[in-house]
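Comments concern the structure below.
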Amino acid sequence: MPSTTQTIMNTKITTPSYLAIFDLDETLIAADSASLWNHFLVEKGLAPVSLLTHEHAMMTAYAKGTLDMTSYMTATLEPLKGKKPHIIKQRVDDFIHEVITPVIYPQALDRIEWHRKRGDHILIISATGEHLVKPIAAVLGINNVIAINLEQKEGIYTGKTTGILSFKEGKVERLKLWLQQQNHSYKGSYGYSDSINDLPLLNFVNKPFAVNPDPMLAMHAQMQEWTIMDWRHANNILR
């Protein structure tokens, strides 16, 4: 468990509560939203089929914890290049309705509600682009979001990212920056993720949970005696 120096706190004091931090893909939803989005774009004729071949190879690297996120974002943001955000939002809204809503884990909704009833603050941190994460979070009733920021010039997507990528150690860096901006003091933090790529984040929080963990994270969680929640199988929660 993290030392007391790693406890998430903010010096601006209001009413103390806990912070619940959720990864999105394969944690709250039974899929990777970026991969589904790429398939959606190809099916709608908005991206070439070659995008899927490229993405498959990169997602294999992601599963091994070796993905170059900058290269991944460059490849997968190409279909957005030169487009206006409001045009993309219309497509994203259709995508969420058709593809994402059916794959939300019911157990995820239950866990989010559990935190709400406790009065906890809820935050999603994702290594997916903000154009997808923010509207998906809105469907889940979550306002606080950290995701990969997309660059715009003169109101047009450039196909590039901006700022620190919220991936691996970048999630912790972005979280620290976010906490500095909050007018709140937290008693502690819960963290939920499925991926070994989120090990820096799970090591940072006070109470880590491995949710639908990949094999490497499952092994690490067992060794550290973390709680493992498997929402891929109904009512299968290992304590």
Side-chain angles (χ1 to χ4, degrees), residues 1-10 16-33 59-69 105-118 120-128 133 140 142 144-147 164-179 185-239:
M1 295 296 291
S3 67
T4 55
T5 58
Q6 292 175 298
T7 301
I8 295 180
M9 295 293 288
N10 192 304
S17 62
Y18 285 88
L19 178 63
I21 303 169
F22 290 90
D23 173 50
L24 175 62
D25 301 313
E26 307 289 357
T27 300
L28 295 177
I29 63 174
D32 183 276
S33 59
M59 290 307 293
T60 299
Y62 176 84
K64 296 178 180 178
T66 60
L67 176 67
D68 180 341
M69 182 55 74
Y105 282 115
Q107 299 94 329
L109 297 176
D110 292 342
R111 193 64 178 181
I112 291 169
E113 184 61 22
W114 182 80
H115 278 291
R116 284 202 181 104
K117 288 181 178 179
R118 285 165 41 97
D120 299 337
H121 288 194
I122 303 171
L123 169 69
I124 287 179
I125 302 184
S126 175
T128 295
V133 181
L140 296 170
I142 298 173
N144 296 311
V145 172
I146 295 173
I164 299 170
L165 301 183
S166 47
F167 179 59
K168 290 189 172 181
E169 291 81 3
K171 282 194 175 184
V172 176
E173 293 181 51
R174 290 283 302 280
L175 175 58
K176 288 179 178 178
L177 292 172
W178 182 86
L179 286 165
S185 174
Y186 294 104
K187 291 180 181 179
S189 52
Y190 291 72
Y192 302 86
S193 179
D194 70 290
S195 174
I196 192 64
N197 290 289
D198 281 341
L199 196 55
L201 177 65
L202 293 176
N203 282 329
F204 184 75
V205 301
N206 302 111
K207 298 184 179 182
F209 293 78
V211 180
N212 315 318
D214 61 36
M216 287 190 287
L217 181 60
M219 181 177 295
H220 184 86
Q222 290 169 358
M223 292 176 63
Q224 298 298 317
E225 298 184 344
W226 291 351
T227 299
I228 298 175
M229 294 180 167
D230 194 340
W231 295 342
R232 294 165 293 194
H233 307 285
N235 301 318
N236 183 14
I237 299 179
L238 307 179
R239 299 187 185 277

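Hydrogens, waters and symmetry mates are skipped; everything else that's a heavy atom, side chains included, is used. Just so you know, these numbers come straight off a predicted model, no measurement behind them.
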Is there a side-chain contact between [X] and [Y] in this structure, where contact means two heavy atoms from C-beta onward sitting under 4.5 Å apart?
{"X": "L140", "Y": "I122", "result": "no"}
{"X": "N203", "Y": "P208", "result": "no"}
{"X": "N212", "Y": "E26", "result": "no"}
{"X": "R111", "Y": "M229", "result": "yes"}
{"X": "S193", "Y": "L201", "result": "no"}

Going by salt bridge (charged side-chain N to carboxylate O under 4.0 Å, His left out), name the residues that satisfy it together with D32, two or more places apart in sequence or in a different chain. none
Would you please name every residue forming a side chain to side chain donor-acceptor pair (under 3.5 Å) with [X], sequence neighbours left out?
{"X": "Y105", "answer": "none"}
{"X": "R116", "answer": "none"}
{"X": "N144", "answer": "none"}
{"X": "T27", "answer": "D23, D194"}

Would you compute the distance between atom [atom1] of [X] and atom [atom2] of [Y] and round it to the nearest 0.5 angstrom?
{"X": "L199", "Y": "L217", "atom1": "CG", "atom2": "CG", "answer": "7.0 Å"}
{"X": "T128", "Y": "F167", "atom1": "OG1", "atom2": "CZ", "answer": "10.5 Å"}
{"X": "L24", "Y": "I142", "atom1": "CG", "atom2": "CD1", "answer": "8.5 Å"}
{"X": "L179", "Y": "S185", "atom1": "CG", "atom2": "OG", "answer": "10.5 Å"}
{"X": "K168", "Y": "S195", "atom1": "NZ", "atom2": "OG", "answer": "8.5 Å"}

For S166 and A147, which heavy atoms make the closest approach, and how far apart are they?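 Here S166 and A147 meet closest at OG-C, 3.2 Å.
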Partners of H121 by ring-ring contact (aromatic ring centres under 6.0 Å, His included), sequence neighbours excluded? H184, Y186
Residues forming a ring-ring contact (aromatic ring centres under 6.0 Å, His included) with Y192, sequence neighbours excluded: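 ring-ring contact (aromatic ring centres under 6.0 Å, His included) list for Y192, sorted by chain: F22, H115, F209.
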Cation over ring, R174 on W178, under 6.0 Å and within 45°?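 No; the conditions do not both hold, so R174 does not lie above the ring face of W178.
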Pick from I146, I21, L28: which one makes a side chain to side chain contact (heavy atoms under 4.5 Å, CB included) with I124?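 Result for side chain to side chain contact (heavy atoms under 4.5 Å, CB included) with I124: L28.
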Pick from I29, D110, V211: which one makes a side chain to side chain contact (heavy atoms under 4.5 Å, CB included) with W231?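 Answer after filtering I29, D110, V211: V211.
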Looking at residues at least two apart in the chain, or sitting in another chain, which of them share a side chain to side chain contact (heavy atoms under 4.5 Å, CB included) with M219? M223
Under the side chain to side chain contact (heavy atoms under 4.5 Å, CB included) test, which residues partner A221, sequence neighbours left out?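 Once residues adjacent in sequence are excluded, the partners of A221 under the side chain to side chain contact (heavy atoms under 4.5 Å, CB included) criterion are A210, W226, I228.
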Residue pairs passing the salt bridge (charged side-chain N to carboxylate O under 4.0 Å, His left out) test where at least one lies in residues 196-205, sequence neighbours excluded: K171-D198
Is a donor from one side chain sitting under 3.5 angstrom from an acceptor on the other, for N206 and S189? yes
